[in-house]
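Keep in mind that this is a model prediction, so the values were computed, not measured. Chain letters run A, B, ... following the sequence lines, proteins first and then strands; every chain starts at 1.
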There are 2 protein chains.
Amino acid sequence: MGKGESTRTAILDEATELASLVGLGGLTIGTLAAATKLSKSGLYAHFASKEALQVEVLQHARERFTDVVMRPTVATPRGEPRVREFFDRWITWQSTAFDGGCIFVDAASEFDDQEGPVRDELVRAERDKLESLTLIVGTAVGEGHFRADVDPEQFAYELEGIVLAHHHARRLMRDGRAEERARRAFDRLIDDCRAVARSA
Amino acid sequence: MGKGESTRTAILDEATELASLVGLGGLTIGTLAAATKLSKSGLYAHFASKEALQVEVLQHARERFTDVVMRPTVATPRGEPRVREFFDRWITWQSTAFDGGCIFVDAASEFDDQEGPVRDELVRAERDKLESLTLIVGTAVGEGHFRADVDPEQFAYELEGIVLAHHHARRLMRDGRAEERARRAFDRLIDDCRAVARSA
DNA sequence: TCTATAAAAGCACGATCGTTCGGTCAGAAC
DNA sequence: GTTCTGACCGAACGATCGTGCTTTTATAGA
């Protein structure tokens, strides 16, 4: 890895951290330059524009997500264990990957109304994650761990809800029991997928 | 209502709308002045600072929430019907109250790491809503509509998750079936509260 | 060691940020 | 008719924004 590439990575690391605190939009070249001990122009030479930087920050974070969540997940036994692993790692990711909030959650509310490459990248990342999750759940159905009429997309939707509630409770409300509550919600979700039938 | 007070309200209305599109932090005095057809200084005379404006925007939105969600909810029969009413109105609120995303959701990710009066107001609003919801669920338990071992706080946590998932799916992913999914998730939640016992 | 090239700095630009201040102009109070 | 007040505006402040250009410094290959 050449000099340029290594500073580039360092910039993106720092930018990810900063963006998790002040948001992707709140990120400024000036503060990022100060944080990386570079001049504004020196830093700027690495990127075509601020918008391009924002997109690259998202891609950078996405690679990390793949490394610490996705890859270990697909390496565990298929079916329910894999679903559990995914959930575990996802929750842990949200608590440990950033000083601030998860930049995907933060950026989602920030850019959901702002058309452009940043929003596009966000949607791409989310769709990717959703597809993987749907597949993982579908496999659990195929393995017979979950009922046949379990809707993987609905499962993914509800799991996302649990994770978002966890993020909300933990970061805004600073609820010490946020993770415990998330686990209870997840257990209920899993439980309903295993049960033979639901009450009328 | 005097002249000053009415323009003040008009400013807050417009500010709420704008903030839902670009975030509370993305809101600027200049664009807000242009949107309200006032000069920057003319507008600014109504508020002590931008931060004070942000806080007032949140309070303004909170009053609207009380009007269109809370008040009609507590006017419906106690127990499960009231819980359903709350959910219905909350979901509708998120879809219709703003052009952009719900400013509480947006602001929550934006300010969860930024100490100050804006964050404080956010926490206050959230705590308020959570308390009301917990009470409403508790009543449903008291009425015998829900099982006695239902944990109202856990219920509130999971309901918030459903609403957040709905917001996420609807605004970022533009999923047309977001609301249908939310309703299914809610029905499952209610169902589990009524069931006599859960499978092992 | 010399040189070609890559990396970072220096400096400056136009724009916009939040904020302040002096002023105008209508209407109410006296 | 004068004074006072509330509502608003125009201009400007210093700071910072994103973004270029030019120059210096560091690095790597011969």
task: Name all residues meeting the ring-ring contact (aromatic ring centres under 6.0 Å, His included) criterion together with F155(A); count only those two or more places apart in sequence or in a different chain, and write none if there are none.
output: F146(A)
Can you check the [X] [atom1] to [N] [atom2] distance for me, whole Å?
{"X": "K50(B)", "N": "dG18(C)", "atom1": "NZ", "atom2": "P", "value": "4 Å"}
{"X": "K40(A)", "N": "dC13(C)", "atom1": "NZ", "atom2": "P", "value": "14 Å"}
{"X": "H46(B)", "N": "dG18(C)", "atom1": "NE2", "atom2": "P", "value": "17 Å"}

Is any side-chain N of the basic residue among [X] and [Y] closer than 4.0 Å to the acidic one's carboxylate O?
{"X": "E179(A)", "Y": "R183(A)", "result": "yes"}
{"X": "E153(B)", "Y": "R181(A)", "result": "yes"}
{"X": "E5(A)", "Y": "R8(A)", "result": "no"}
{"X": "E115(B)", "Y": "R174(A)", "result": "yes"}

Look at all strands and tell whether [X] reaches a base, only sugar-phosphate, or nothing, counting heavy atoms closer than 4.0 Å.
{"X": "T28(A)", "result": "sugar-phosphate"}
{"X": "L38(B)", "result": "sugar-phosphate"}
{"X": "S39(A)", "result": "base"}
{"X": "L27(B)", "result": "sugar-phosphate"}

- line: Looking only at dT19(C), dG10(C), dA8(C), the nucleotide nearest the S49(B) side chain is dT19(C)
field: Side chain of I29(B) (C-beta onward), nearest among dA9(C), dC17(C), dT19(C)
entry: dT19(C)
message: Parallel, tilted or perpendicular: which one describes the rings of F87(B) and F186(B), with boundaries at 30° and 60°?
response: parallel
query: Are OP1 or OP2 of dA7(C) and a side-chain N or O of T7(A) less than 4.0 angstrom apart?
result: no
- request: Shoot me the first and last contacting nucleotide of DNA chain D against chain A, ordered 5' to 3', at under 4.0 angstrom to non-hydrogen atoms.
  value: dC17(D) to dG20(D)
